[in-house]
Amino acid sequence: MTKNVNITMIGTGYVGLVSGACFAALGHRVTCIDKDKTKIEKLERAEIPIYEAKLKELVDENLSKKQLFFTTELKAAVDTADVIFVAVGTPSCPVTGKADLQYVEGLARELAPLLQQYKVIVLKSTVPIGTGQRFKKIILQINPSAKFDMVSNPEFLREGSAVKDFMNPDRIVIGSESEPSRQLMNSIYDSFLQQQIPILHTDIESSELIKYAANCFLATKIAFINEIADLCEETEANIESVTKGLGLDKRIGPGYLEPGPGFGGSCFPKDTLALIQVAETLASPLSVVESVVQSNENRKKKMIQKILHICGGNILQKRLAILGVAFKANTDDIRESSAMVIIQGLQKLGAKLRIYDPAAMEKAALELPGVEWASTALDAMKEAEVVVIITEWQEFKNLKFNHFKNANKKPIVIDLRNLYDLNEMQKLGISYHSIGRPAVRNLVDIPVPVEG
Ligand code: UGA
């Protein structure tokens, strides 16, 4: 079995760059290609365009070992490759929510005349069911004698833990149509095979659907637990016990049951919409996923109402500290971040916001005029009447609020990620509101919430 494969990775976005660097670390010879010349020049100097733990070290190391290369020259990169991975973007169409396949299909047209010798072409981008076959058709229309096999091999890594996720997968999914392509894919993932990590071989369409179904299912779990957390708030139940009790059931599992301000990022919002679109086109509607999308949209508005309600129904000119703008911790990504929607909503209601995020402020500042930016979490909280935590950064978890212990005026803390212990907040005498857990009330300085 071939162990070291010549891989060309087309597209140096999140998935392409991380996968390319990780394949190089697994011992393959990887050439990453992108049209953006400046980006490629930076990558050649190991300057990483995204905020991702361990990625710089990996790129640095494999550049010096000459396992990893960056280029803008498609033809040369195709000629030297055994396997060509496609990891170009598939953004949502802003009107329909449909996956925009212009980059994927454009690439098929570019690759077609270059396929003189046998290659395996692997779609790693998240693409609607049928895209692999369509890619093949486009190539064969342009170059009927092109020698290649199509494969689908979706990626399941998460931003913020991308390298770790890539190197420790739960499973590898490979959709293919020929024995040579299956063998070559097994060679690429040989070290995972040795570690007994399950490799699922299937057809291309099933592989494409597995990726969407996985993201939609995880999004469903989150939307579900968010609504259960709401129910907890209306009763004496505590969401922490509820999720523990649910998660211990092996059929349910403990993951993706953390309630919060609603899911965001570049994947769940986009992929739920895209699958709904595919299903609608095929007259096989996904009403569950449709409800998930709606529930998640409502969630962000609900969070704004929750904050308003806790503040007594009026936040005009109220000083609020906001901790977190990224869509989750360990990333500077603000795409579809619930924090952005909540902040804009609070701004509209006239609140004076002072915001801090360890990594995402630069990006957020471009979209949030009229807010103050703080240099630390403590700086954001200075003089705040209310502190709202939206992203679950470790540095926020480490905040002890001890300095408020003997303060005359303590802020109300509204924690949309359940980061703190209820008893600790009680001891500090801080009014503390979280998600799906009983509120801790400090009777001295809380405005009485209005009903409704
Ligand atoms: C997601 C999937 O988890 C990856 O498996 C997949 O490869 C990726 O999309 C993709 O398709 O490329 P990612 O978007 O990086 O990864 O983020 P997640 O860590 O899954 O979180 C998504 C959102 O759900 C975040 O807003 C997060 O705060 C929220 N979330 C997550 C919760 O509210 N509760 C949870 O229990 C888990």
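Just follow the structure's listing: the first ligand is 1, and inside any ligand the first atom is 1. On a predicted model such as this, the values are computed, not experimentally measured, just so you know.
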Considering only NZ, NE, NH1 and NH2 on the basic side and carboxylate oxygens on the acidic side, decide whether Asp271 and Lys211 come within less than 4.0 Å. no
> Is the side chain of Asp82 donor-acceptor paired with the backbone N or O of Asn6 at a distance under 3.5 Å, no angle test?
Replying inline: yes
Contacts satisfying side chain to side chain donor-acceptor pair (under 3.5 Å) that involve residues 356-365 (not counting sequence neighbours) are Asp332-Lys363, Tyr356-Glu395, Asp357-Trp393
- Query: Is a salt bridge present between Lys400 and Glu424, judged by a nitrogen-to-oxygen distance below 4.0 Å?
  - Reply: no
I'd like to know if Lys164 and Glu52 make a salt bridge, using a cut-off of under 4.0 Å between side-chain N and carboxylate O.
no
For a ring-ring contact (aromatic ring centres under 6.0 Å, His included) check, start with the C-alpha distance between Phe401 and Tyr432, then their side-chain angles and the critical distance, and finish with the verdict. CA-CA 11 Å; Phe401 299 103; Tyr432 176 61; 7.9 Å; no
Distance filter under 4.0 Å, heavy atoms only, around ligand 1 gives Glu155, Phe156, Leu157, Arg158, Glu159, Lys211, Asn215, Ile222, Tyr256, Leu257, Glu258, Phe263, Gly264, Cys267, Phe268, Asp271, Phe327, Lys328, Arg417
